[in-house]
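Some notes on the structure that comes next.
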Amino acid sequence: MPKNTPPPDAPVLIIGLGRFGSAVAASLTRMGHEVLAIDESMELVQKWATEFTHTVQADSTDEEALRQIGADQFDRAVVGIGTDIEASVLTVLTLTELGVREVWAKAINRKHGQILERVGASHVVYPESAMGERVAHMVSGSMIDFIEFDDGFAIARTAAPASAIGRTLAESALRSQYGITVVGVKRPGADFTYARPETFLGEFDELIVSGPTNKVEKFAGLA
């Protein structure tokens with residue numbers, strides 16, 4: 001693990017308990033992480049008080065307030081503030097000045113994201129944009145699920161194309177034909193299995209495929 005990377009099980013500071021922040025906090029809690037959740041709204045703090053390790057009402061733009069609740073002791077933080085751009089930016093700046101090594105921040109648009117990066121955000125997340133694109137691929141009917149990464153790489157869950165049904169992966173040669181990699185296969189009523197050359201594809205099998213976004217989209221369109 002790189003020297004400056006916090007350990008995977010490190011406690012996490014969550015700032016902003018709207019839909020995004022509370023969802024991240026809930027997922028981290030289920031995964032066994034200790035979570036300190038902060039929001040300026042006492043109503044939200046009370047709502048989530050029994051769900052997370054610690055829940056505190058505080059102004060996240062106030063460096064002294066964050067220091068008093070021990071924010072400077074965290075290596076990793078998630079800033080889920082979206083609609084109040086000024087508070088979002090000031091919070092990221094404050095966390096950076098406190099020495100938090102890894103700051104993940106929600107952005108509502110590209111300009112917001114660029115500002116967050118300039119003031120110290122390690123990772124910028126665009127949840128609305130990412131979800132919109134994901135849903136669009138699913139609504140089109142070509143994919144069951146879809147995730148695209150920043151570098152033009154995507155992973156999708158899609159049905160097996162008719163040309164591959166009744167054949168092994170080696171026989172269908174999907175990688176050489178379409179430029180994608182079949183990572184795994186999910187058969188109805190059976191466990192997920194990693195793809196092997198001898199993996200046989202049935203009529204109702206679902207494939208997990210990866211590759212350049214345009215090639216993944218084109219392949220999914222065959223199903």
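None of the values given here were measured: they were computed from a predicted structure.
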Separation between CG of D39 and CG of L17, rounded to the nearest 0.5 Å
4.5 Å
Would you check, one step at a time, whether the test side chain to side chain contact (heavy atoms under 4.5 Å, CB included) holds for Y126 with R110?
CA-CA 8 Å; Y126 301 88; R110 293 292 170 184; 3.2 Å; yes
If only atom types and distance count, is the side chain of T53 paired as donor or acceptor with the main-chain N or O of E34 below 3.5 Å?
no
If hydrophobic clusters are built from ILVMFWY residues whose side chains come within less than 4.5 Å, do V12 and V92 share one?
no
For A121 and A105, which heavy atoms make the closest approach, and how far apart are they?
CB-CB, 4.3 Å
Compare all side-chain heavy atoms of S60 with those of I81 and state whether any distance is below 4.5 angstrom.
yes
When you group the ILVMFWY residues by side-chain heavy-atom contacts below 4.5 Å and let the links chain together, are L93 and I85 in the same group?
yes
With side chain to side chain contact (heavy atoms under 4.5 Å, CB included) as the test, would you mind laying out the steps for R101 and R76 before giving the verdict?
CA-CA 6 Å; R101 286 191 288 172; R76 182 177 286 134; over 6 Å; no
Return yes when atom CD of E64 has more than 12 non-hydrogen atoms of other residues, nucleotides or ligands closer than 6.0 Å, and no otherwise.
yes
Going from CG on L116 to NZ on K111, what distance comes out if it is rounded to the nearest 0.5 angstrom?
12.5 Å
Minimum heavy-atom distance between L174 and A164, given as atom pair plus value
CD2-CB, 4.1 Å
Do any N or O atoms from the side chain of T158 and from the backbone of L207 form a donor-acceptor pair under 3.5 angstrom?
no
Considering non-hydrogen atoms only, spot the tightest contact between F219 and V209 and give its length.
CE2-CG1, 3.8 Å
Are any non-hydrogen side-chain atoms of V78 and L13 less than 4.5 angstrom apart?
no
Kindly work out whether a path of hydrophobic side-chain contacts (I/L/V/M/F/W/Y, heavy atoms less than 4.5 Å apart) joins W104 to V79.
no
Would you mind listing every side chain to side chain donor-acceptor pair (under 3.5 Å) that reaches into residues 181-191, with sequence neighbours excluded?
R187-D205
Please find the pair of heavy atoms, one from Y178 and one from S163, that lie closest to each other, and give the distance.
OH-OG, 4.2 Å
Would you call E43 and K47 a salt bridge, taking side-chain N to carboxylate O under 4.0 Å as the test?
no
Does the pair T199 and R196 meet the rule for a side chain to side chain donor-acceptor pair (under 3.5 Å), with working shown?
CA-CA 5 Å; T199 300; R196 301 174 61 85; 6.0 Å; no
Nearest 0.5 Å, please: how far is NZ in K218 from NZ in K215?
9.0 Å
Should L36 and I15 be counted in the same cluster of Ile, Leu, Val, Met, Phe, Trp and Tyr side chains packed under 4.5 Å apart?
yes
Does L201 reach the side chain of L169, with side-chain heavy atoms less than 4.5 Å apart?
yes
Should F192 and I208 count as side-chain neighbours, where that means a heavy-atom distance under 4.5 Å?
yes
For the residue pair V45 and V56, what are the closest heavy atoms and their distance?
CG2-O, 3.5 Å
Beyond-backbone contact of V119 with T96, side-chain heavy atoms, under 4.5 angstrom:
no
Do V103 and V124 share a hydrophobic cluster, counting only Ile, Leu, Val, Met, Phe, Trp and Tyr and linking them when any side-chain heavy atoms are less than 4.5 Å apart?
yes
Could you tell me whether the side chain of R175 reaches within less than 4.5 Å of the side chain of V182, counting heavy atoms only?
no
If you measure from NE2 on H54 to CD1 on I38, what distance do you get to the nearest 0.5 Å?
11.5 Å
Do you know the tightest heavy-atom contact between T168 and P197?
CB-O, 3.5 Å
Check whether any side-chain heavy atom of V125 sits under 4.5 Å from a side-chain heavy atom of F20, and report yes or no.
yes
Distance from Q73 atom CD to R67 atom CZ, nearest 0.5 Å?
9.5 Å
Cation-pi check, R167 to F200: give yes when NZ or CZ is under 6.0 Å from the six-membered ring centre and within 45° of the ring axis, no otherwise.
no
What's the spacing between E63 CD and T91 OG1 if we round to 0.5 Å?
12.0 Å
Determine yes or no for a side-chain-to-main-chain donor-acceptor pair under 3.5 angstrom, with H112 supplying the side chain and I108 the backbone.
yes
For the residue pair I14 and V24, establish whether any side-chain heavy-atom pair is separated by less than 4.5 Å.
yes
